[in-house]
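Written below as structure tokens is the structure these notes are about.
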Amino acid sequence: MLSKYRHRTACGICGGSGLSLILDLGKMSLANAFLKKEDLNKLEDKFPLKVYFCRFCSSLQLLDIVNPELLFRHYNYLTSASRPLAEHFIKMGKDLADKFVASPNDLVVEIGGNDGVLLAGIKDRSRVLNIEPAENIAEISRKSGVETIPDFFNLKLAEEIVRKYGNAKVVVANNVMAHVENLREAFSGVKKLINSDGVFVFEVHWVGNLIGEGGFDQIYHEHVFYHSLTALKYLVEGLGLKIFDVKLVPIHGQSMRVYVAEGKEVKKSVATLLQREKKMKLNRKETFVKFAKRVSKNKEKLLSLLKDLKKNGKRITGYGAPAKGNTLLNYLGIGTDTLDFLTDTTIFKQGLYSPGMHVPVVGPERLLTDIPDYILLLAWNYTDLILEKERELRNKGVKFIIPVPEVKIV
Ligand code: TYD
Ligand code: ZN
């Protein structure tokens, strides 16, 4: 039988055992396990959500690993549902093709390429291949004209791809390298794919943002690692590869776009970010202990605000039903007593109920006719865009509550 989860004891990056518990968010349902109405009375799977710091390699990670089959085989997260995200990746695909693709015969492989939006944008310029384990999403990718293998990426699959398609000029993986438990194997697979003259470019949420301007709600079971460049360098160099460039990009708060290859000249950007991380003390346990204290203060503040609003008879709804929203709702215990509904543009999520707290998810058009007093902005990473888009609601007096990192009403 499929084992749903296991507890790991060794660090996923250095293999050491110098791990300390930093933050315990309790037992939680899976952040993307939206429920059908008929399943609301059934027992939901809940797993510990605890964050650990490794004093040897400075990485931040979960040790309670949920089986990826459970997390990623059927996925509700569609990149194209968030326009800014889709545009960002389309642009990234074009930039990578401009920089690294020389002929239409070159192969670009994307690991966890979701609905294929990045690859579809460059499929006329190179051969493209998406490795997407979510069968429902792989199908969408295929329909957009992108050849798609509906499987998890690992060393064995990398070897098969090389046999069948040859080596890749570019391997891309966006918001995947935090999700893969066996990172060493994934990097070894990539190394096999790119051989000595390809590049690996990936984006991953930056832990410096998480503990600074970001929110603790980005912590959920799918995110096994909260990466710093410092910890990634440890891993990448240990496998005989090099990080030759890095930049911070404004996605999910702030993400790192990391460029890896075997033998390219290392740019100054790498030392600059490493230095910045050192200044931020991302290699020190105390930094994360302080972060955990802020998380619990944030919880108290938001709960007390919501309680006051409800006492004063205000109607509140949630904007977006992102995975991170479910960490927030579950950790704070915010359910239908507080929120009437969540609106979300993702068709898959509409008509379902949020995991754990069971708040109904409806389409965004609901806000045209059913206007609350306050809206809790769960998709806070799109604050600017959403405030602009919802100007009419705001002109009507609707207030938005930004929940993290500091509670704010705008
Ligand atoms: P996202 O922040 O990408 O994700 P997660 O925390 O799941 O990684 O998700 C944003 C969610 O918000 C996604 O479900 C789509 C939804 N959304 C809206 O409903 N309206 C919007 O205007 C935007 C930008 C996103
Ligand atoms: Zn370690």
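We count ligands from 1, going down the list as the structure has it; atoms in each ligand are counted the same way. If you read the sequence from its start, that first residue is 1, and numbering goes on from there.
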List the closest protein heavy-atom neighbour of [atom]: residue, atom name, distance to the nearest 0.1 Å.
atom                    : value
atom 9 (O) of ligand 1  : P322 CB, 3.6 Å
atom 3 (O) of ligand 1  : Y77 OH, 2.7 Å
atom 8 (O) of ligand 1  : Y220 OH, 3.1 Å
atom 1 (P) of ligand 1  : K324 NZ, 3.6 Å
atom 25 (C) of ligand 1 : S82 OG, 3.9 Å

So is [X] touching ligand 1 or not, going by heavy atoms under 4.0 Å?
X    : result
P364 : no
Q218 : no
H252 : yes

Checklist entry - Counting only heavy atoms not in D308, do more than 12 fall under 6.0 Å of its CG? => result yes
Item to check | Full working for salt bridge (Lys or Arg N to Asp or Glu O under 4.0 Å) between D340 and R366 | outcome: CA-CA 11 Å; D340 292 7; R366 175 78 171 260; over 6 Å; no
Checklist entry - Can you tell which of L85, D344, T79, T345 gets a heavy atom nearest to atom 18 (C) of ligand 1? => result T345
Item to check | Stepwise side chain to side chain contact (heavy atoms under 4.5 Å, CB included) test for V249 and M92 | outcome: CA-CA 11 Å; V249 291; M92 179 183 188; over 6 Å; no
Item to check | Shortest non-hydrogen contact between P355 and A31, atoms and distance | outcome: CG-O, 3.7 Å
Item to check | Shortest non-hydrogen contact between V246 and M256, atoms and distance | outcome: CG2-CB, 4.3 Å
Checklist entry - Ion pair present between D45 and K4, side-chain N to carboxylate O less than 4.0 angstrom? => result yes
Item to check | Pairs involving residues 333-364, ordered by first then second residue, that meet ring pair (Phe, Tyr, Trp, His ring centres under 6.0 Å) (sequence neighbours left out) | outcome: none
Checklist entry - Taking both backbone and side-chain atoms of A323, is any N or O found less than 3.5 Å from an N or O belonging to ligand 1? => result yes
Next on the checklist: Using a plain distance cutoff, I'd like to know if K389 has any nitrogen or oxygen under 3.5 Å from a nitrogen or oxygen of ligand 1.
Outcome noted: yes
Which ligand 1 atoms does [X] reach within 4.0 Å, using its non-hydrogen atoms?
X    : value
T346 : 13 (C), 14 (O), 15 (C)
I386 : 22 (O)
A379 : 12 (O)

Next on the checklist: I'd like to know whether the aromatic ring centres of Y75 and F72 sit less than 6.0 Å apart in this structure.
Outcome noted: yes
Checklist entry - What angle sits at the Zn ion (ligand 2) between SG of C11 and SG of C57, to 10°? => result 100°
Item to check | Candidate pair E87 and R83, rule salt bridge (Lys or Arg N to Asp or Glu O under 4.0 Å), full reasoning | outcome: CA-CA 6 Å; E87 282 165 7; R83 256 237 333 267; 3.0 Å; yes
Checklist outcome for this item: With heavy atoms and a 4.0 Å threshold, my read on which part of L385 contacts ligand 1 is side chain
Checklist entry - Using the ring of each side chain (for Trp, its six-membered ring), is H7 parallel, tilted or perpendicular to Y52, with breaks at 30° and 60°? => result perpendicular
